[in-house]
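Read the numbers this way: they start at 1 and go in the same order the structure lists the ligands and their atoms.
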Amino acid sequence: MQCTLRPVTNSIDMIERLIAFDTTSRNSNLELMDFVGAYLEDLGVASELVHNDAGTKANLYATLGPTDRPGIALSGHTDVVPVDGQDWDTDPFVVDARDERLYGRGTSDMKSFIGICLALAPEFLARDIATPLHLAFSYDEEVGCLGVRGLIDALAGRPIKPSAVIIGEPTMMNVIRAHKGKLSTRCCVRGHEAHSSLSHIGVNAVEAAAEAVAYLKGMARRHRDEGPFDTELTPSYTTVHTGTIHGGTALNIVPRDCAFEFEFRHLPEDDPHALLEELRRHVSENIEPEMHATEPGTGFTFEPMSHIPGLSTDEDAEVVQLAMALTGRNTTGKVSFGTEAGLFQNGGMPAVVCGPGSIDQAHKPNEFIERDQITQCEAFLRKLFERCWSG
Ligand SMILES: [Zn+2]
């Protein structure tokens, strides 16, 4: 790749190289990881790849400094969301620097954080290091935080793993100690086909699905009206949402099949599996009996799609205090979007979310990051370096 030909000079240079790899989640990220691996190797840092089953994508893990003790992990995902159908003014995979901003897919979410960490690595390595920094870069975050799970599994079994994880998702460098979780499910409804003039002998899958979707809407209203509430989150309650529904083939056929996808975006303390169980109970007690009475073999099946656990870290936790000291801010926040932080936390690695850029720009056409955010993130990392150097 031509990216490796010339040495990287600064954060913006590194961000430009990373943006140039089209790592939309459906694509391989291996070219980008090879570039990162070669860059680290030039600095004398070994890195390891933790691949997916197909060997087409990988997480990268590397330790800067001594490998015989825990350290602090800087974590980010290398994949980006698609630009399909979006109206971009410039090539999304070529950084366009104008108006004190960098435009490009992944500038805010979240290649800038990764780029800054990498660009500043030589500076960190130039001194004696007492506390190592780990780089943990993942794949397939945007499609359900799928990739990082393999890395967390690998780390969880090791005697030495990070004692704290900073996830550089775009928070405008605010310290985020809690976020919602998300449980996504696909539901397939099997009915029984019949000519629509004989609807009494058919089982209408679309109508059965609609009853379940209506029940979900009722659950959504209940959470909106009755809570539980956490006023630091927006909205302050668990949300329930059906996103897709497909069913039926023609108006004069009682539809045999219908499928819909729904999600619970839950407060960290809410149990989404209990919510799913509530729906299943409603289906089996109130919808399926009538279906079965007409035709056995009809009914509902639920397929898990993904679960991203919520994050909930105490304000006085060490990782939160560290991030607050590095940002110089004395407040913390909570956000509604999911990140890999809850997975790290469940893997025994306390985590906090703090990174440059704004989530408002993420996933949109003409995504950008303010240059000032890059400067703030550099200052944050340099303060971290000071704490990690010996003496
Ligand atoms: Zn992200």
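Remark: E290 CD is loosely packed, at most 12 non-hydrogen atoms of other residues, nucleotides or ligands lying under 6.0 Å away. Applying the 6.0 Å contact sphere to CD of E315 captures more than 12 heavy atoms from other residues, nucleotides or ligands.
Around the Zn ion (ligand 1), protein atoms of type N, O or S found under 2.8 Å number 4.
Other cluster members for F302: L183, V189, V203, V213, Y215, L216, M219, V240, I245, F260, F262, F264, L275, L276, L279, V283, I287, M291, F300, joined by side-chain heavy-atom distances under 4.5 Å among Ile, Leu, Val, Met, Phe, Trp and Tyr.
With sequence neighbours left out, the side-chain hydrogen bond (donor to acceptor under 3.5 Å, both in side chains) criterion links R281 to no other residue. Scored by the side-chain hydrogen bond (donor to acceptor under 3.5 Å, both in side chains) test, R26 finds D84 as partners (sequence neighbours excluded).
Here R105 does not pair with E142 in a salt bridge; the nearest charged N to carboxylate O distance is not below 4.0 Å.
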